[in-house]
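Working notes, structure below.
The first residue of the sequence shown is numbered 1, and numbering continues consecutively from there.
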Amino acid sequence: MDARRETRAIGRLLVANRGEIARRVIATCRRLGIETVAVCSDPDARAPFVREADRAVRLPGESPADTYLRGDLIVAAARTAGADAVHPGYGFLSENAEFARAVVDAGLTWVGPDPDAIAAMGSKVRAKELMREAGVPVLDAVDTDGNDAYPVLVKASSGGGGRGMRIVRDPDELPAAFDAARAEAESAFGDPAVFVEPYLETARHIEVQILGDRHGTCWVLGERDCSIQRRHQKIVEETPAPDITDDLRASLHGAAADAAKAIGYVGAGTVEFLVDVDPVEGAARPYFLEMNTRLQVEHPVTECVTGLDLVALQLDVAEGHRLDPAPPPPQGHAVEVRLYAEDPTADWRPQTGTVRALDVPDVDVAFGPLATPLGLRLDSGVDAGTEVGVHYDPMLAKLIAWAPTRAQAIRRLASALRRARIHGVTTNRDLLAKILTDEAFAAGAVHTGLLTERLGDWAKPPLDEPQRHRAVAAAALAQATATQAAARVQSRIPPAWRSLASQPRRVRYRAAAAELSVAEIAVAYTADREGLAITDPEGVTVVDVGPDLVTLEADGVREAYSIAAAPDGTVDIDGPHGSVTLTRLPRFADPTAADAEPGSLLAPMPGVVTQLHTALGEQVASGASVLTLEAMKMQHEIRAPIDGVMAQLDVRPGTHVDAGAVLAVVEPTDPETLSGTYGALAQHLPDNSPEE
């Protein structure tokens, strides 16, 4: 018998990954009594997953190419730590057949499908050929020579998660799209190969979860709808898929089973389909998209409705155990959202910084199946104090709700998002809440282009003008109270008390445009024997005030605001209408403060310059790419917002830059163009491709 097919218990498992999925695997191992080993890059040395593992081995370096993509270092780490098995998680080397072979050749148990199956499905081009031979419907690749069937999608042959993908609507854009997709695929997966297929703008993305053992049993564990995407990146997933017929569901499940049997699949995997509706016949037609030979990010929704622990089952299969003849039937409906450190109003720009708080009320469980319906699950890669850097994807957490019906699950999840306290980095939380409460989403009328169509509505600031004024007023009152409480001499005097009626005190704050839709907002209050009173905005009464909780009344309705002041001078306000983060501005402008030189292109985030697309002294047109900045495993194009000449170019390929650093200066052809352009230049946003 092949040694890889022998039944052998796993005693110590190395998790060849990081962040949320590493914590997820470690949690199951802890429940099963399996020891764990983490591997960590230098930026991850103090990350939660490292603290939670029984042992940890350092991978010297920062970038994925130097750490989590180094299979030789990971195998060596397993040997050093005495591990007898390796779980790859998702992303990085999880679908790398050579890495799987190296693990097996080292005498370790590989928690995943056989290397040959990974290789067969690892190339999306070859995978489609195999599926076509097995009778599974396939979306054919496009020969771009002489083809006029645009739009098309340039797509990385290896990996996934939206990286190495570019939509092309004009043949003239194809060469640049190839270059960008190849560079991103090489950085993320170590493989620059790409191909082209038709781009179906309003198709649905539906995937089927499978799980096979080494004894011939293959479970089909239902389907998940993943159609709500930005930049080919899933952000909302649910099971079962809403608004599909029983015939289509049976067709999808059957095709997934055929795909698994065609390659003798063992372990957890996902068969993904695009479902397109024929404009003439109105029939829904599924096309094989790809097979993910690993655990999916969105596996928790399947765990909720089946009651299974898919990670535990992966370990069982790897140990050689048999699955039951059939899986448990699904019950209810589950919906998951992915919380990212990114700004949806700024072209999905990833955000960096320190997470000050990530608190979701009424969470029932973390990193494991829910026991009862109407439950809430949180799988998070970060906690308070975690630094979100530039080297890895910006996903912070996944929030999952399970309920008897889809409507109940959506309502439960939307409520949890609204009441969550997330401080320190800008996130897509408000966008996710808008999606869940949208009429089209509630009706199940979803497709992969829906987010793009509705982004203008979904990305609107959550607070209207009166609401944001009240939130800022609450912050001003809380800070006045906190200042007074900290004073040594006047600690027994009521906050801001004066023997005579005071003149209104005006306080100014700066906020992110994504939160308040304005850069600066001011409020005013007075303090006398009667206490604190708000004069601007009008019509707001102070009910109660403390340094961390303020209650206001407007139009007969009382609202409570939670206030959290950070050491860096920022203050986070969580209220009934949403959250904002503010920085208090000084009463008088700093005369020494100076802006960057007009015409400057500033780095929107820390990163590494990978390419220059122009040279000093060259003429550039508005919208032309000046350079490429790599951050969070993605390529970001920095473009010229005006016509002009490159008057200054301070970087070259390989240069590491901090956020706000001057990258280049464009001298406008027309000097009058400079008027009012600095803000646009400084805030010019890159063209991102998101992470899985």
Side-chain angles (χ1 to χ4, degrees), residues 1-10 13-17 21 25 28-29 32 34 71 84-91 93-124 126-127 130-131 133-134 136 158 160 207-222 253-272 288 290-296 299 302-303 306 308-328:
M1 179 183 290
D2 188 332
R4 290 172 296 181
R5 295 179 180 268
E6 295 176 356
T7 300
R8 56 180 183 179
I10 295 172
L13 178 80
L14 182 142
V15 184
N17 219 291
I21 185 58
V25 175
T28 285
C29 287
L32 296 177
I34 297 173
D84 51 27
V86 173
H87 191 300
Y90 54 71
L93 294 173
S94 63
E95 295 179 277
N96 186 300
E98 292 305 313
F99 176 58
R101 288 192 183 99
V103 170
V104 174
D105 291 345
L108 306 170
T109 297
W110 169 251
V111 185
D114 290 336
D116 289 345
I118 297 175
M121 294 292 103
S123 166
K124 294 181 176 65
R126 175 60 180 149
L130 290 172
M131 293 303 102
E133 294 171 2
V136 178
S158 299
E207 62 190 26
V208 179
Q209 177 73 56
I210 60 171
L211 181 71
D213 65 16
R214 295 195 177 279
H215 307 280
T217 300
C218 183
W219 285 355
V220 174
L221 294 170
H253 291 191
D258 290 342
K261 293 174 184 176
I263 59 172
Y265 195 80
V266 173
T270 304
V271 186
E272 304 203 1
F288 172 81
E290 63 189 26
M291 185 173 184
N292 296 128
T293 52
R294 54 170 169 79
L295 195 67
Q296 285 283 87
H299 74 275
T302 298
E303 292 185 322
T306 61
L308 300 171
D309 182 331
L310 290 178
V311 173
L313 288 167
Q314 283 186 294
L315 297 171
D316 282 347
V317 168
E319 289 180 327
H321 299 297
R322 291 177 179 270
L323 294 173
D324 290 338

[X] versus [Y], closest heavy-atom pair with distance:
X	Y	answer
Ala257	Val220	CB-CG2, 4.1 Å
Leu221	Pro327	CD2-CB, 3.4 Å
Thr109	Ala318	CG2-O, 3.7 Å

- request: Under the side chain to side chain contact (heavy atoms under 4.5 Å, CB included) rule, collect the residues that match up with Val15, sequence neighbours excluded.
  value: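 For Val15, the residues satisfying side chain to side chain contact (heavy atoms under 4.5 Å, CB included) (neighbours in sequence not counted) are Leu13, Asn17, Ala22, Val25, Ile26.
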
Does any part of the side chain of [Y], heavy atoms only, come nearer than 4.5 Å to the side chain of [X], both counted from C-beta?
X	Y	answer
Tyr265	Met121	no
Trp219	Leu308	yes
Val136	Val271	no
Cys29	Leu315	yes
Arg101	Val104	no
Arg8	Asp84	no
Arg214	Asp114	yes

Is the backbone of [Y] close enough, under 3.5 Å, to the side chain of [X] for a donor and an acceptor to pair up by distance?
X	Y	result
Glu290	Glu272	no
Thr306	Thr302	yes
Glu95	Thr293	yes
Gln209	Gly269	yes
Asn292	Arg294	no
Asp316	His321	no

- request: Starting at CE of Met291, measure out to CD1 of Ile263 and round the result to the nearest 0.5 Å.
  value: 4.5 Å

- line: CG (Leu14) and CG (Leu108) are apart, to the nearest 0.5 Å, by 8.5 Å

Could you pull out all residues at least two apart from [X] that satisfy salt bridge (charged side-chain N to carboxylate O under 4.0 Å, His left out)?
X	answer
Asp258	none
Asp309	Arg24, Arg31
Arg322	none

message: Test side-chain contact (heavy atoms from CB on, under 4.5 Å) on Leu93 and Glu98; report intermediate values, then the result.
response: CA-CA 9 Å; Leu93 294 173; Glu98 292 305 313; over 6 Å; no

message: Going by side chain to side chain donor-acceptor pair (under 3.5 Å), name the residues that satisfy it together with Asp105, two or more places apart in sequence or in a different chain.
response: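 None.
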
Those residues that, when tested against Phe99, pass ring-ring contact (aromatic ring centres under 6.0 Å, His included) (two or more places apart): Trp110

